[in-house]
Colleague: 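Structure below; questions to follow.
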Protein chains: 2
Amino acid sequence: MQGRLERFLQDLGAARDLDGLTAAVRTLRDIFGVDHVVYHSVNAAGGQYAALTYSDEWVRRYIDLDYARIDPVVQGCFKRFNPVDWKRLDWSGKAQRAFLAEAIAHGVGRQGFSVPIRGPNGQFALFTVSDNRSDEDWAAYTEAHVRDLILVAHYVNQKALEIERGTDAVAMRALSPREIDALTLIAMGYSRGQAAESLSISEHTLRVYIESARFKLGAMNTTHAVARAMSSGMLVI
Amino acid sequence: MQGRLERFLQDLGAARDLDGLTAAVRTLRDIFGVDHVVYHSVNAAGGQYAALTYSDEWVRRYIDLDYARIDPVVQGCFKRFNPVDWKRLDWSGKAQRAFLAEAIAHGVGRQGFSVPIRGPNGQFALFTVSDNRSDEDWAAYTEAHVRDLILVAHYVNQKALEIERGTDAVAMRALSPREIDALTLIAMGYSRGQAAESLSISEHTLRVYIESARFKLGAMNTTHAVARAMSSGMLVI
DNA sequence: TTTCAACTCCCCCGAAATGGCGAGGCGTGC
DNA sequence: GCACGCCTCGCCATTTCGGGGGAGTTGAAA
């Protein structure tokens with residue numbers, strides 16, 4: 001497999017668009033010998049960009065219903081920095097279990113392994129392999145291939161960024177006035193309680209603004225949100 | 001206009017006193033092509049400091065009658081943190097309507113757009129442009145120039161603070177390499193644990209860097225430190 | 001008219017950050 | 001030799017933050 005993988009990484013350079021990347025992902029499926037390979041990038045604005053081997057039907061459904069919001073793989077990996085086996089994610093919610101059942105019905109494997117990747121400007125992507133082996137076989141497989149998976153994940157992401165840059169402009173959603181108010185006070189060093197008092201609103205309401213701003217900015221936490229808002233000029237302190 | 005604006009921002013550095021600032025504000029009136037430009041700072045003690053193009057008579061009256069207390073622009077902006085068109089303020093009170101009529105009689109424009117600015121120690125200032133265009137024209141004008149207005153507002157305020165204080169901005173102590181590392185990762189959205197892991201140091205050590213950076217930057221908390229470091233260019237995300 | 005975004009408020013609880021106490025080694029410069 | 005800044009580490013209690021539920025109004029847009 002090593003030889004094929006190296007050849008693949010070289011051939012990857014030829015990809016010029018999403019179709020090229022999708023073809024590359026299909027090749028990867030063969031090389032890795034798994035049921036599915038998925039590259040899935042989610043930008044700050046919530047825009048998605050993917051090259052994968054799932055059925056078109058499942059992809060459409062996933063996008064239409066905005067499943068990224070409940071997908072434990074996306075949500076879980078967004079909080080982590082290490083590759084993770086799907087089994088270690090939190091599938092306990094009702095929505096999550098329903099999502100899992102539906103995914104499997106659409107041909108997604110019972111086993112999965114996802115590598116989170118982060119790029120500049122808060123870019124976040126997932127590189128995933130999925131299969132239907134037994135727990136034991138899958139554990140052995142992932143252990144044996146984790147290095148290759150991480151390597152390929154970064155190559156593919158690099159390529160995707162290169163392709164994406166040609167077209168997209170990652171437009172972050174504008175913040176509402178109150179969100180700017182809240183974020184400004186927080187950036188000025190106020191605690192949530194102080195900021196809420198300054199704005200004459202409840203602390204909870206202030207929290208809602210901060211959370212909403214975090215979401216719009218694709219930020220992991222409040223500090224991140226402030227940093228992104230400042231670097232994009234939405235906030236001037 | 002861009003060229004003139006940039007030249008203006010450079011020339012602004014030469015202003016040494018209130019007269020210099022007033023001259024700068026008059027130049028701004030020409031550059032922005034509006035009837036009036038006002039920089040108006042109100043400190044915590046109620047002291048006022050202004051450079052503007054209104055008539056002396058109106059200014060005297062405003063100060064003598066302490067109109068800042070009923071001026072919806074001052075009162076409204078004090079509670080907000082984003083630029084605001086005068087039309088969106090609350091002019092419903094009796095005193096406010098009387099104030100408006102009087103202001104217009106003294107040459108203040110019917111349209112206005114004010115940028116609130118906050119500095120250290122509770123300093124609060126307003127940067128305002130005012131004109132007599134139609135609602136439509138004014139909406140188009142403000143939309144087109146809001147970025148420039150905000151930018152200039154902060155430059156002028158910076159200069160005013162410098163003049164008022166008699167000295168240049170407080171020199172923040174430089175951050176050490178490790179402090180920058182730590183703060184950068186935190187600004188990128190990493191938790192302390194993740195950041196520590198990325199730097200291959202203990203979480204406690206990372207905390208020491210953050211605390212040290214907070215201290216050097218005179219920040220109340222981590223988010224504040226990130227904001228200050230970014231606004232002073234120490235951090236580039 | 002319905003829909004949607006923005007704005008406001010309430011509860012609970014676990015996880016994370018903060019503040020304060022301590023320690024030692026290394027290198028630069030007076 | 002000694003001070004000082006930088007880098008590294010541990011433990012404790014307290015505060016703050018983050019995520020999970022809720023609910024309701026308003027005003028603009030479709």
Side-chain angles (χ1 to χ4, degrees), chain A residues 45-46 66 69-70 72 74-76 78-81 89-96 173-183 185-227, chain B residues 79-82 84-85 87-88 90 92 139 172-183 185-187 189-227:
Chain A
D66 199 12
R69 286 197 311 187
I70 57 160
V74 171
Q75 295 302 319
F78 195 66
K79 281 277 165 202
R80 310 190 166 260
F81 289 74
L89 296 167
D90 178 19
W91 298 90
S92 61
K94 204 193 296 184
Q96 281 70 32
R173 283 176 63 195
L175 299 179
S176 78
R178 284 312 239 182
E179 285 158 2
I180 293 178
D181 292 354
L183 222 47
L185 286 169
I186 295 297
M188 286 167 60
Y190 289 45
S191 72
R192 293 199 308 205
Q194 292 169 335
E197 202 186 344
S198 291
L199 294 172
S200 307
I201 55 176
S202 78
E203 192 202 326
H204 182 267
T205 302
L206 185 115
R207 266 180 55 196
V208 173
Y209 295 146
I210 300 293
E211 277 168 27
S212 164
R214 261 207 316 269
F215 179 73
K216 284 184 179 176
L217 297 167
M220 312 263 293
N221 53 44
T222 304
T223 302
H224 193 197
V226 166
Chain B
K79 279 280 164 199
R80 311 225 144 231
F81 291 76
N82 52 309
V84 65
D85 192 288
K87 273 195 288 296
R88 302 198 55 175
D90 178 19
S92 59
M172 283 189 253
R173 287 176 58 195
L175 300 178
S176 78
R178 285 309 239 182
E179 284 157 1
I180 292 179
D181 290 352
L183 222 48
L185 286 170
I186 294 298
Y190 288 45
S191 72
R192 295 199 309 206
Q194 291 166 339
E197 201 187 345
S198 291
L199 294 173
S200 305
I201 55 176
S202 78
E203 193 204 326
H204 179 82
T205 302
L206 186 115
R207 266 180 54 195
V208 174
Y209 295 147
I210 301 292
E211 276 169 30
S212 165
R214 264 208 313 269
F215 178 73
K216 285 183 177 175
L217 296 166
M220 312 270 292
N221 54 43
T222 304
T223 302
H224 193 196
V226 166

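In what follows, every chain begins at residue 1, and chains take the letters A, B, ... in the order their sequences are listed. All heavy atoms count here, side chains included; hydrogens, waters and symmetry mates do not.
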Colleague: Please state how far atom NE2 in A:His204 lies from atom P in C:dA6, giving the value in whole angstrom units.
Modeller: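 After rounding, the gap between these two atoms is 17 Å.
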Colleague: What does A:Arg214 touch in the nucleic acid at a heavy-atom separation under 4.0 angstrom: a base, only the sugar-phosphate, or nothing?
Modeller: sugar-phosphate
Colleague: In whole Å, what is the span from the CD atom of B:Gln194 to the P atom of C:dA15?
Modeller: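 My rounded result for the distance is 15 Å.
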Colleague: Using a cut-off of less than 4.0 Å, is there contact between a side-chain N or O of B:Ser176 and OP1 or OP2 of D:dC7?
Modeller: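 Affirmative; the distance criterion is met.
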Colleague: Is the shortest side-chain N/O distance from A:Thr205 to OP1 or OP2 of C:dC7 below 4.0 Å?
Modeller: no
Colleague: Considering residues at least two apart in sequence or located in another chain, which fulfil the side-chain contact (heavy atoms from CB on, under 4.5 Å) criterion with B:Thr222?
Modeller: B:Ile186, B:Ile210, B:Arg214
Colleague: Mapping B:Leu175 and B:Ile201 to their closest nucleotides on DNA chain D, which lands nearer the 5' end?
Modeller: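 Its nearest nucleotide being more 5', the pick is B:Leu175.
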Colleague: Using 4.0 Å as the upper bound for N to carboxylate O, is an ion pair formed by A:Asp181 and A:Arg178?
Modeller: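 Judged by the 4.0 Å cut-off on N to carboxylate O distance, A:Arg178 and A:Asp181 do form a salt bridge.
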Colleague: Using whole Å, report how far CG of B:Leu183 lies from P of D:dC7.
Modeller: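 Distance check: B:Leu183 CG to D:dC7 P gives 13 Å.
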Colleague: Whole angstrom is fine here: how far is it from CZ in A:Phe215 over to P in C:dA6?
Modeller: 11 Å
Colleague: For A:Asn221 and D:dG19, give me the distance from atom CG to atom P, rounded to whole Å.
Modeller: 8 Å
Colleague: Indicate whether OP1 or OP2 belonging to D:dT15 is found under 4.0 Å from a side-chain N or O atom of A:Ser191.
Modeller: no
Colleague: Under the side-chain contact (heavy atoms from CB on, under 4.5 Å) test, which residues partner B:Ile180, sequence neighbours left out?
Modeller: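 By the side-chain contact (heavy atoms from CB on, under 4.5 Å) rule, B:Ile180 matches B:Leu175, B:Thr184, B:Leu235.
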Colleague: Taking for each residue the nucleotide of DNA chain D bearing the nearest heavy atom, is the 5' side occupied by B:Glu203 or by A:Glu211?
Modeller: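 Per heavy-atom nearest nucleotide, the more 5' residue is B:Glu203.
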Colleague: Would you indicate what B:Ser202 reaches in the nucleic acid, counting non-hydrogen atoms under 4.0 angstrom: base, sugar-phosphate, or nothing?
Modeller: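 The residue B:Ser202 makes sugar-phosphate contact but no base contact.
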Colleague: With a 3.5 Å distance limit and no angle check, can you tell me whether A:Glu197 reaches the backbone of A:Gln194 through a side-chain donor-acceptor pair?
Modeller: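 Not at all, since once roles are kept as given, no pair shorter than 3.5 Å links the two residues.
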Colleague: Contact class for A:Ser212 vs. all strands (heavy atom < 4.0 Å): base, sugar-phosphate, or nothing?
Modeller: nothing
Colleague: Ignoring backbone atoms, test whether B:Lys216 places a side-chain nitrogen or oxygen under 4.0 Å from the OP1 or OP2 oxygen of D:dG5.
Modeller: no
Colleague: Using atom CE of B:Met220 as one end and atom P of C:dG19 as the other, report the distance to the nearest whole Å.
Modeller: 9 Å
Colleague: Distance check needed: D:dC6 C1' versus B:Ile180 CD1, whole Å only.
Modeller: 13 Å
Colleague: Would you call A:Arg207-A:Glu203 a salt bridge at under 4.0 Å N-O?
Modeller: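 A:Glu203 and A:Arg207: not salt-bridged.
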Colleague: Measure CD/B:Glu179 against P/D:dC6 and give the value in whole Å, please.
Modeller: 6 Å
Colleague: Is A:Arg207 side chain donor-acceptor paired with the D:dG19 base, going by distance under 3.5 Å alone?
Modeller: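 Indeed there is one.
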Colleague: Please determine, for the side chain of B:Val208, which listed nucleotide (D:dG18, D:dC9, D:dC11) has the closest atom?
Modeller: D:dC9
Colleague: Check the phosphate of D:dG5 against B:Arg178, side-chain N and O only, distance under 4.0 Å to OP1 or OP2. Yes or no?
Modeller: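 No, B:Arg178 has no side-chain N/O under 4.0 Å of OP1/OP2 on D:dG5.
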